[in-house]
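To keep things clear, I will list the structure first and then write my remarks on it.
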Amino acid sequence: SGADTFADNLESPPESILAGMIPEGLLKVLMNHGPKTFAEVFVGRHDTPEVIWSPEMRHHLVSLILEHLGDFPKTLREEMNSNYDYSPIPPIKYS
């Protein structure tokens, strides 16, 4: 599995909508190792030179996405044909 060899491809990922939402190392896992490995890292805790990610960071990400979406999830539950007025999410910072 490529999960333990994140450093084998250090190329920067291509432009992605996720670039402002998740750390570059986590995006590289998705681009270089695929969705299965990404999912394993995303739901776990990793503290390596290539990827720093934790449940607290995931919670922070989800909280800010929900804040950005505002009432739209509720509106969508009430009316499945609702249109989302796209507005780019500001870059998410992790401390």
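Looking at heavy atoms from C-beta onward, L27 lies in side-chain contact with S16 at the 4.5 angstrom threshold. Side-chain contact between H59 and P55 is absent, with no heavy-atom pair separated by less than 4.5 Å. At a threshold of 4.5 Å between non-hydrogen side-chain atoms, the residues V29 and N32 do not count as touching.
The cluster map of Ile, Leu, Val, Met, Phe, Trp and Tyr, joined by side-chain heavy atoms under 4.5 Å apart, puts I89 and L66 in different clusters. In the hydrophobic clustering of ILVMFWY residues, with side-chain heavy atoms under 4.5 Å counting as a link, V62 and L18 come out apart. A continuous path of Ile, Leu, Val, Met, Phe, Trp and Tyr side chains, each step under 4.5 Å between heavy atoms, connects F42 with I17, placing both in one hydrophobic cluster.
Aromatic ring pairs are classed by plane angle as parallel below 30°, tilted from 30° to 60° and perpendicular above 60°; the pair Y84 and Y86 is perpendicular.
One N or O on the side chain of H60 and one on the backbone of K93 form a donor-acceptor pair closer than 3.5 Å. The backbone N or O of E79 sits less than 3.5 Å from a side-chain atom of S82, completing a donor-acceptor pair. Remark: side-chain polar atoms of H68 are paired, donor with acceptor, to backbone N or O of S87 under 3.5 angstrom.
Not less than 6.0 angstrom separates the ring centroid of F38 from the ring centroid of W53.
Ion pairing between R45 and E56 holds under the 4.0 Å rule for side-chain N and carboxylate O.
To the nearest 0.5 angstrom, D71 atom CG is 9.0 Å from E78 atom CD. Within the model, atoms CG of N83 and OG1 of T75 stand 11.5 Å from one another, a figure rounded to the nearest 0.5 Å. The distance from atom CD1 of I22 to atom CD1 of I92, rounded to the nearest 0.5 Å, is 10.0 Å.
Shown here for P35 and L30, the closest heavy-atom pair between the two residues is CA-CD1, 3.9 Å. Heavy atoms only, all atoms of each residue included: M57 and I52 are closest at CE-O, 3.5 Å.
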